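Below, chain A is the first sequence line, B the second, and so on; all start at residue 1. Quick caveat: nothing in here was measured; it's all calculated off a predicted structure.
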Amino acid sequence: MAPNMTTSAACAGDTGAALPPPRDLSDIFVPAMRIHKKSAFKSVMGDPTSTMINMAGGVPHPNTFPILQLQAKVVSPTSRQDKALSPSTANLVLDKSQKNRSTESLDELLQYGAGSGVDSYCDFLKRYTQIVHNPRYADWGVIASCGNTDAIGKAVSLFCEAGDSLLVEKWTFPGALSSLVAAKVQPLAVEMDGEGMDPESLDNICSRWAGPKPLRAMYLVPTGQNPTGATMSLERRQKIYAVACKHNLAIIEDDPYYFLQFAPFSASRSLENAVGAAGLLDVDSGEQQQVDPLVPSLLSLDTEGRVIRLDSFSKILAPNLRCGWITAPSYILDKLQILNESTILQPSGLAQGLISKLLNDTWGLEGWNQHLRNLRATYTFRRNVFVRMVDLHVAGLVDYVLPSAGMFLWMKINLGPDAAEAMPRLLETMKKCGVMMAPGAPFYSSGSSGSNSSSSDCYLRAAFALVDVAMFEPALKRLAQAIVAIRETADYPSAVQNTHTCNVPNAMQKGLLSPAPGKMTISS
Amino acid sequence: MPSKPHSKDLSDLFSEVTKLRKNSPLKSLQKYMDADPTIVSLGAGLPHPDTFPFVSIGSTVAEAGVSVTDSSAAAKAISVSSKQPTAKIEGLERFLQYGNGRGVPSYTRFVQEHTERVHSPLYEDWDVVVSAGNTDAFTKAIALFYQSGDTLIVDEWTYPAAIETVRPMGIRLAPVKMDSEGMVPSELDHLCTTWDRPETAPRLVYMVPTAQNPTGATMSLARRHDIYSVAQKHNLVIIEDDPYYYLQLGSYKPLAEVNDPEDRYKNLPGITSLTPSLLSIDIDGRVIRLDSFSKVLAPGLRCGWITAPKYITDKIQFHNETSIQQPAGFSQAIVSKLMNEAWGHAGWEKHLVQTQRQYAERRDMFVDICQSHLKDKVEFTIPTAGMFLWFRVLLNETASKRKGVMGEIFESMLNNHVLLVPGYMFSPLGQTEEVLDKPYMRAAFSYAAESSFEVAISRLAQALEPFTCRNI
């Protein structure tokens, strides 16, 4: 077990004192979920004894599966700087009928399975969740999900039915909002500040709630929030948790950016040193590292079993693996498993098998940790350059949240009293200048789809994960142009020419376009 | 060649939620970038493909049409690599990046071509969209049209996951009688004609027309036409759930009458002699067809596709985008590479024939054994497709009058170490007393070793002995 993967608020492993059971939240399940039964059909399959001849399962025989072996070539995560330019790779193989060390045979991975997911996949993720979050109650587990968008819909459906309301951040993930529309669940917007959801606003809304049905659940993205990029401090999380307990709410913790927490940003560092990040030593030095802990999750504070935590491989391996996992009290996972079995069944066995093999055997925990460290370094670098460019080019024109995790930077721009009228002009002008960002409207949870904030502010979300770092400066210069044009020119956007050429300043060309590897650790 | 007609517009049958589904506003930013690639877009929250640690994925696959158990047979190596697209297949990073809810283009292109080859839809505006298998596809199809309190028409015995999906949605099930070919058209017509409240009239009928689960029944072409006519008469949408479509096996022949196995199996339907699907006779665009790779490649891939008019597949795409997104990129990559390059349409078709062969052999052996060991104990229709046998137990006079007798029979089966599925699990009416005593059970011949068939059926005969008619 790697010693340096836990957070500052948790100890690595418990001393053995028994943990309390979770609080039973069935009283806040929707009625349909309270009677939701395990599939009678599947219980007939049960665990047939070895003498039982099973003519029950309507499943194909592996002799009909034409896939005889599966292989993948993967990057070997490395911390050595001199290996960065030609990273080594490793091969992993899944054999058809033999067990593959920690991972099941391909035949088993390709067969119908239970709605909880492939065993070796879930086993690794349970062990990993234990190390990172060390849940504070007994009888919890993990099941496989096919990504957080699907997981959100399922988790919400436990607590909200048509006509109910779900507490959400004022600005939030549009996929979740669409899911709520489809379920006829009303989003109930809670105010936010630079750290995310405001606990006082949450408390007030709950205390004053006079709707016909009680509020049962809240949904939030506490780390590298989409769209605001905000990350809640430990103190903020503790306050939010206390309010949830006070009002008997379930907490749906959607945390796909959790492992993309950055080293602290220092505005005083020169750009050349920005890559080194703040005070982190090479993990290979062998010396006790100065570490930046991950902010503890809500799960790790969860003494009552209120948190349903949604983790995803989308931002830490790849989005279209369509694999993630949900951590919750076991009796809640049983419900989610039933939901899986009447929809997706489970995520792709191929994907789960490859991930399991990769994490259990090919990389192991050590390689997985190193991979995550490398990701943190990459994202920290991008954030550093991006924020530097924001400061240089649009500082006076926008207010923004300094992101400490994730991939988003959220900007507020004042363009006069009528934001609804100004926003389309801004977007059009930006397009003519040659830059695009996401407008705030799709993230706004208080209005119906398409309508804007009731305030007079215009919002933009910039994503700094995908575009080439060399283009950050041109992009932000063009944004500045567009904002200035709207503010100063009466007759626009025709006054703005299509001026987007790519004049990259010399400083940016001095090989600062990729991060120095291995300069970052995760806390012990 | 005359042009095909446009589909009928059934969007007034859409649920309120479906009418609200639209393209993700963030995905719609893409159109600005496509128009002008000099625009720098910081709009999409996508991770950079350089952070995906997968350099390539590969597989050794059986040559098309070769049995997997034939270890001397040639196999083929296929791979999909990052940043190395081929003429037909995207680079691996494309399969691993966020996309849209329709699917990765090379995958959807293949299934579209295949659908055209096999079903050749009669209306012009049909399209395909990915699913994560038919259970997922079923939930999407239902969600298009249904609200709480609505009624779904189903077979009197049907797929349990479908029953379990709709129950929490507040959807009621109206079963229609079946015969040896499946749903009876006159019964369907009667149900719709005599429905007492026009405002809640059911608008959707769900069926598995080939090798139905659990009864194993396959509708003839004439039956399909009759069902389709009733659907037209009552303006019903048909969900054609067809995972066993390609497992059409031709007629059973007792093994004793077979002189030459090769000769026996040379006339399998293949692709060219399959009973036409409901999609292929769908002139109106009222069939939503669910196809899956689960029984013809492997269930664990979790991928399939849905065929319907484009205005409907668009809605399913938007629904995918707020739920599963799309099937796993690895699954789509392997399937796409296999179908588009390694096998091609011809190879895929050879594989299907080989699969038909394997199931036909099993079916023939199993039916042989059932006919000899279960005489006068059960009756069943010999399936011409799929993997199921649906037994009606011939209860003797005392047994048939006893409440709870089927429970006793299943107990007896467990004691005799043989497992079949009790019929009541397939009843849309749930486990009422009446349903619990219906004398049916389902056997699957797909999985157990063929060498164990005789033992299994002997055990079943033993288990049934005290309850069944005797040969006088």
Side-chain angles (χ1 to χ4, degrees), chain A residues 32 40-41 44 48 51-61 63-75 89 109-112 146 150 153 175 178-179 181-182 315 318-320 322 342-345 348-351 431 434-438 442 462-463 465-467 471 475 500, chain B residues 17 20 25-26 32 38-43 45-48 52-62 68-69 75 96-98 132 135-136 139 160-161 164-165 168 295 298-300 302 322-325 328-331 355 358 387 417-421 425 443-444 446-448 452 456:
Chain A
F41 181 72
V44 166
T51 56
M52 179 82 73
I53 299 180
N54 189 337
M55 316 237 66
V59 302
H61 195 285
N63 282 351
T64 62
F65 304 166
I67 299 172
L68 309 177
Q69 191 193 62
L70 199 72
Q71 315 107 30
K73 187 189 281 191
V74 295
V75 167
T89 58
L109 296 170
L110 289 174
Q111 184 57 280
Y112 282 113
C146 61
D150 191 58
S178 300
S179 212
V181 167
K315 323 291 192 255
N320 215 28
R322 308 316 314 136
S342 61
T343 55
I344 56 162
L345 302 191
S348 159
L350 270 192
K431 190 175 131 203
V435 63
M436 272 191 1
M437 295 182 186
L466 181 63
V467 162
M471 296 307 295
H500 40 287
Chain B
V17 169
L20 294 173
L26 296 183
Y32 291 123
T38 63
I39 291 182
V40 181
S41 175
L42 301 172
L46 266 49
H48 198 291
F52 307 165
F54 300 98
V55 177
S56 68
I57 175 180
S59 177
T60 310
V61 295
V68 160
T69 53
L96 295 181
Q97 182 58 285
Y98 282 118
T135 312
D136 171 56
T139 62
E164 280 158 31
T165 301
K295 320 292 195 265
R302 308 314 314 125
T322 64
S323 58
I324 59 156
Q325 304 281 347
F330 281 151
S331 294
T355 310
Q358 290 175 277
M387 52 174 70
H417 299 294
V418 66
L419 195 61
L420 274 69
V421 188
M425 296 207 176
S446 51
Y447 186 74
S452 68

Is there a donor-acceptor contact under 3.5 Å linking the side chains of B:Ser56 and A:Gln71?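 Checked: B:Ser56/A:Gln71 side chains show no N/O donor-acceptor pair below 3.5 Å.
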
Around atom CZ of A:Phe65, are there more than 12 heavy atoms from other residues, nucleotides or ligands closer than 6.0 Å?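 Yes, enclosed.
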
Checking B:Gln97 against chain A: side chain, backbone, both or neither under 4.5 Å from a heavy atom?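 Looking at B:Gln97, backbone and side chain both touch chain A.
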
Relative to chain A, which segment of B:Ser331 carries a heavy atom at a distance below 4.5 Å: side chain, backbone, both, or neither?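 It is both, since atoms from each part get that close.
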
Does a side-chain heavy-atom distance below 4.5 Å link A:Val181 with B:Val17?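 The answer is no, as the side chains (C-beta and beyond) never meet within the 4.5 Å cut-off.
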
Look up atom [atom1] in [X] and atom [atom2] in [Y], then write down how far apart they are to the nearest 0.5 Å.
{"X": "A:Met55", "Y": "B:Leu420", "atom1": "CE", "atom2": "CG", "answer": "7.0 Å"}
{"X": "A:Asn63", "Y": "B:Thr355", "atom1": "CG", "atom2": "OG1", "answer": "11.0 Å"}
{"X": "B:Ser41", "Y": "A:Met471", "atom1": "OG", "atom2": "CE", "answer": "11.5 Å"}
{"X": "A:Asp150", "Y": "B:Ile324", "atom1": "CG", "atom2": "CD1", "answer": "7.5 Å"}
{"X": "A:Arg322", "Y": "B:Arg302", "atom1": "CZ", "atom2": "CZ", "answer": "15.0 Å"}
{"X": "A:Leu70", "Y": "B:Ile57", "atom1": "CG", "atom2": "CD1", "answer": "5.0 Å"}

Within the distance-only criterion (no hydrogens, no angle test), does the side chain of [X] pair as donor or acceptor with the backbone N or O of [Y] below 3.5 angstrom?
{"X": "A:Ser342", "Y": "B:Ala161", "value": "no"}
{"X": "B:Ser59", "Y": "A:Gln69", "value": "yes"}
{"X": "B:Thr322", "Y": "A:Ser179", "value": "no"}

Tell me the closest heavy-atom pair linking [X] and [Y], and the distance in Å.
{"X": "A:Ala351", "Y": "B:Phe330", "result": "CA-CD1, 3.9 Å"}
{"X": "B:Tyr447", "Y": "A:Pro60", "result": "CD1-O, 3.7 Å"}
{"X": "B:Met387", "Y": "A:Val59", "result": "SD-N, 4.2 Å"}

Considering only heavy atoms and a distance below 4.5 Å, find which of [options] pairs most often with chain B.
{"options": "A:Thr64, A:Ile67, A:Leu466, A:Ile344", "value": "A:Leu466"}
{"options": "A:Leu68, A:Val467, A:Val74", "value": "A:Leu68"}
{"options": "A:Ser348, A:Ala438, A:Gly349, A:Gly153", "value": "A:Ser348"}
{"options": "A:Ala182, A:Cys146, A:Gly175", "value": "A:Ala182"}

Which one of [options] has the most heavy-atom pairs closer than 4.5 Å to chain A?
{"options": "B:Thr69, B:Thr165, B:Leu96", "result": "B:Leu96"}
{"options": "B:Ala75, B:Ala328, B:Ser323", "result": "B:Ser323"}
{"options": "B:Ala132, B:Ala448, B:Gly58, B:Ala443", "result": "B:Gly58"}
{"options": "B:Gly329, B:Pro47, B:Pro299", "result": "B:Pro299"}

Side chain, backbone, both or neither of A:Leu109 within contact of chain B (heavy atoms, under 4.5 Å):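 The backbone, not the side chain.
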
